[in-house]
Structure formats: structure tokens, C-alpha cells
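First comes the structure, then the notes that go with it.
The chains referred to below are lettered A, B, ... by the order of the sequence lines, with proteins before strands, and numbering in each begins at 1. Note that the structure is predicted; figures quoted are calculated from it, not measured.
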Protein chains: 2
Amino acid sequence: MQILQILQEDGRRAYTDIAHQLGLSEGTIRSRITRLLQDGVFQFVIHPDPEKLGLHVQAIIGLTTKLGLQNSVAEELSKFPEVRFVGAFSGKHDLIIQACFHNNEELITFVNERLSQCEGILAADVSLELKQYKDSFSFVRDEDVAI
Amino acid sequence: MQILQILQEDGRRAYTDIAHQLGLSEGTIRSRITRLLQDGVFQFVIHPDPEKLGLHVQAIIGLTTKLGLQNSVAEELSKFPEVRFVGAFSGKHDLIIQACFHNNEELITFVNERLSQCEGILAADVSLELKQYKDSFSFVRDEDVAI
DNA sequence: TGGTTTTTTACGAAATTCGCAAAAATCTTT
DNA sequence: AAAGATTTTTGCGAATTTCGTAAAAAACCA
């Protein structure tokens with residue numbers, strides 16, 4: 001957990017660095033990280049800033065799907081590169097997705113052409129992001145580390 | 001863009017590796033990545049699997065806030081470690097957040113004790129995640145790379 | 001075109017990672 | 001509690017990568 005916490009802040013911290021910080025050998029850190037990766041506990045990735053990439057429009061879209069087609073719709077939507085999150089939910093909407101676009105034009109096109117062509121979507125409830133406060137994969141909590 | 005695309009798949013790929021793949025020198029890759037980091041275009045992070053960390057319950061919660069308190073509520077919620085996403089939106093809900101919990105008990109506690117104690121929240125619309133299809137920071141699209 | 005700035009390249013030095021075998025620790029079973 | 005088996009940690013030298021930096025190349029701009 002401490003290793004995850006350190007890598008959360010900087011995914012490129014050297015094994016030797018982490019080892020020094022935690023009072024362990026480089027080999028230990030290396031073998032643990034290798035094991036965590038093999039077990040699929042985490043992955044090394046990058047977190048781009050959408051704004052800096054020209055993706056100025058983000059939206060969360062709640063979808064109502066035709067009974068029985070929820071799964072296929074979800075899998076279809078997961079293929080789109082502009083869609084970064086797809087989940088099935090209890091509550092008002094069967095599916096909730098999150099997507100990024102360069103501009104409003106692109107969002108409208110996505111809703112009107114892509115979504116409408118997707119068999120099984122009955123309704124789409126679009127919420128436009130006005131301001132982002134937090135967006136992270138920081139799952140590791142201090143409480144979990146302390147144990 | 002090609003560098004980002006490569007690092008999206010493996011945030012730990014060596015500069016020399018990337019350089020070979022793109023037919024450039026190690027120094028070029030290094031200076032470009034250094035510049036991208038300085039400009040805040042992306043960060044090196046890890047993507048943990050919440051399930052593997054025992055976070056079996058995920059939820060998206062739409063919030064209605066008292067006029068004028070939206071901002072302070074959002075900033076307050078951003079401090080919680082269990083909250084991974086906070087955004088202000090147009091549409092039905094003023095704020096939409098995404099959070100992870102070990103179990104339903106923890107979610108209920110969060111809603112009843114944490115949220116209720118947060119001055120300015122008028123209503124909370126909880127959607128429980130039943131299945132996750134996609135969750136990534138893969139903002140870089142092939143279209144953008146090709147340019 | 002000539003000069004300026006930016007980017008790329010090259011390369012030795014420093015640091016990191018890798019491979020692996022021995023030591024230590026942990027777990028099992030009796 | 002001991003003996004044996006398994007897992008984890010450690011300690012190296014070797015291979016690889018990164019770093020620092022100065023020169024070359026390219027791009028930019030009057």
C-alpha cells in the first residue's frame with residue numbers, strides 16, 4: 001500500500017528511491033511491484049490534462065437502454081475513443097458514460113449521430129461539465145496504508 | 001501525441017525504447033517528455049484496480065446544492081479520499097461526484113454522515129455501479145496522432 | 001540571405017534496473 | 001516445537017537506462 005501511495009504521486013519514481021524511503025532493498029521493491037502488476041492490482045499509465053490536449057468539452061451522459069440490450073450498448077460505447085468511462089448503474093439511468101470532445105460541435109455530433117445509431121438506446125440525458133474540481137485514480141487511502 | 005499514446009499503454013516504457021520505436025534519439029524523447037511534464041500536459045501515475053484493493057462498491061452521486069454554495073461544497077468534497085471525481089455540471093444536478101467504498105455500509109455512512117454534514121447540499125441522487133465496462137485516462141485519439 | 005532561437009543528436013559519466021543465487025523469514029505438518 | 005517446504009528478501013556484478021552537456025542541425029524570422 002505504501003508503494004502504491006508513492007507511485008500515485010509519481011508513477012516513475014525509481015525502485016531504489018522507493019526502497020530507500022521505505023527502508024527496504026531495491027530488489028524487494030522490484031519484486032513486489034512486478035507481482036502487483038502480474039496480479040493486475042495496478043498499471044503504470046499517464047494522466048493527460050484534457051484541456052491541454054484541446055478537449056475543452058466534457059460531458060457525463062445518462063442513458064436509458066432497451067431491456068436486454070444494455071450490455072451490447074455498453075460494449076459498443078466502450079470502443080469509442082472519446083468515451084473514457086462506461087458503467088451500468090442502478091438508479092435513474094441504466095448506463096452512465098463520461099466523454100471528452102474538442103468542442104460543442106463534436107459533442108452534438110456524437111449524441112446525434114453516434115448514439116442515435118447505436119441500437120438499444122432509448123434516451124440520453126446529457127450533463128455538460130462546467131468546472132472540474134477533482135479527477136484522479138487516487139484510490140489508496142491512508143487508512144488502508146496504516147493497517 | 002505518439003509519445004503520449006505509447007505511455008498510455010505503459011507509463012514506464014524507457015526513453016530508449018520509445019526513441020527506437022519512433023526513430024528518434026533518446027535525448028529527443030527525454031527533452032520532449034520533460035517539456036510536456038513542465039507544461040502540465042500529462043503526469044505519470046498508476047491506475048489501481050479498485051476491486052483488487054477491496055473497494056467493491058462504486059457510486060456516482062448527483063448533488064443539488066444551495067445557490068451560492070456550489071463551489072465550497074465541491075472543494076469540500078474534493079478533500080475526501082473516497083471521492084475520485086468532482087465536477088460542476090449543467091443539467092439536473094449541480095455537482096456530480098464519483099466515489100469508491102469497501103462495502104455498502106461505508107457508502108451509506110458516507111451519504112448519511114459525511115454528505116449531510118456538508119453545508120449546502122440539498123439533495124443527493126445516488127446511482128450504484130453494477131458493472132464497469134471502461135475506465136481510463138485514454139484521451140489520446142488516433143485522429144489527433146495522425147495530424 | 002544571415003542571424004537568432006529552438007530542437008535534435010552524440011557521448012561519456014552516473015544512476016538504475018536486471019538476473020540470479022544465497023540468506024532469511026514465513027508457513028505447514030507432524 | 002522441530003523439520004521441511006515455500007516464499008520473500010537481500011546482495012552483488014553486469015547490462016541497460018538516464019543524465020548532463022556541448023556541438024550540430026533544423027526551424028524561424030526579419
Side-chain angles (χ1 to χ4, degrees), chain A residues 1-56 102-103 136-147, chain B residues 1-56 102-103 136-147:
Chain A
M1 281 300 187
Q2 285 180 296
I3 293 174
L4 292 206
Q5 207 173 33
I6 289 168
L7 290 174
Q8 239 166 210
E9 286 170 24
D10 176 6
R12 278 223 149 185
R13 278 285 271 293
Y15 298 156
T16 48
D17 237 27
I18 302 169
H20 198 253
Q21 183 173 337
L22 301 183
L24 295 166
S25 73
E26 176 271 330
T28 299
I29 300 301
R30 177 155 44 101
S31 74
R32 287 195 192 179
I33 287 179
T34 303
R35 195 157 7 114
L36 288 166
L37 289 171
Q38 276 173 347
D39 295 349
V41 177
F42 77 92
Q43 278 178 280
F44 286 109
V45 295
I46 59 171
H47 182 178
D49 178 341
E51 282 291 338
K52 298 275 168 70
L53 297 181
L55 298 166
H56 303 294
H102 289 99
N103 47 51
S136 80
F137 280 141
S138 300
F139 295 128
V140 183
R141 312 195 209 157
D142 291 331
E143 305 97 83
D144 294 333
V145 176
I147 295 167
Chain B
M1 281 301 187
Q2 285 179 296
I3 292 174
L4 291 205
Q5 210 173 31
I6 289 168
L7 289 175
Q8 242 165 32
E9 285 170 25
D10 176 7
R12 277 225 151 184
R13 281 283 274 289
Y15 298 156
T16 48
D17 238 27
I18 302 170
H20 276 134
Q21 184 173 336
L22 301 183
L24 295 164
S25 73
E26 176 270 330
T28 299
I29 301 300
R30 176 155 45 101
S31 74
R32 287 195 192 179
I33 287 179
T34 304
R35 198 160 2 118
L36 289 167
L37 289 172
Q38 276 173 346
D39 296 348
V41 177
F42 77 91
Q43 279 178 279
F44 286 109
V45 294
I46 59 171
H47 182 178
D49 179 341
E51 282 290 338
K52 298 275 169 72
L53 298 182
L55 298 166
H56 304 294
H102 288 100
N103 46 54
S136 79
F137 281 141
S138 299
F139 296 127
V140 183
R141 312 193 207 159
D142 291 331
E143 304 100 80
D144 293 332
V145 176
I147 295 166

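- Taken residue by residue, residues 19-42 of chain B places heavy atoms nearer than 4.0 Å to DNA chain D at B:E26, B:R30.
- Spacing between atom OH of B:Y15 and atom P of C:dT8 amounts to 15 Å, rounded to whole angstrom units.
- Within the 3.5 Å criterion, the main-chain N or O of B:R30 finds a donor-acceptor partner in the side chain of B:T34.
- Taking the six-membered ring where the residue is Trp, A:H47 and B:F137 present parallel rings, their angle staying beneath 30° rather than reaching 60°.
- Judged purely by atom type and a 3.5 angstrom limit, A:R12 uses its side chain to pair as donor or acceptor with the backbone of B:G11.
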Between A:D142 and A:Q5, does a side chain to side chain donor-acceptor pair (under 3.5 Å) hold up when you go through it step by step? CA-CA 8 Å; A:D142 291 331; A:Q5 207 173 33; 2.5 Å; yes

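- In this structure, A:I3 places its CD1 atom 12 Å from C1' of D:dT9, rounding to the nearest Å.
- The shortest distance between the side-chain N/O atoms of B:T16 and the OP1/OP2 oxygens of D:dT18 is below 4.0 Å.
- The aromatic rings of B:F42 and B:F44 stand perpendicular to each other, their planes meeting at an angle above 60°, with 30° marking the opposite boundary.
- One N or O on the side chain of A:Q8 and one on the backbone of A:V140 form a donor-acceptor pair closer than 3.5 Å.
- In this structure, B:R12 atom CZ and C:dT16 atom P are separated by 11 Å, rounded to whole Å.
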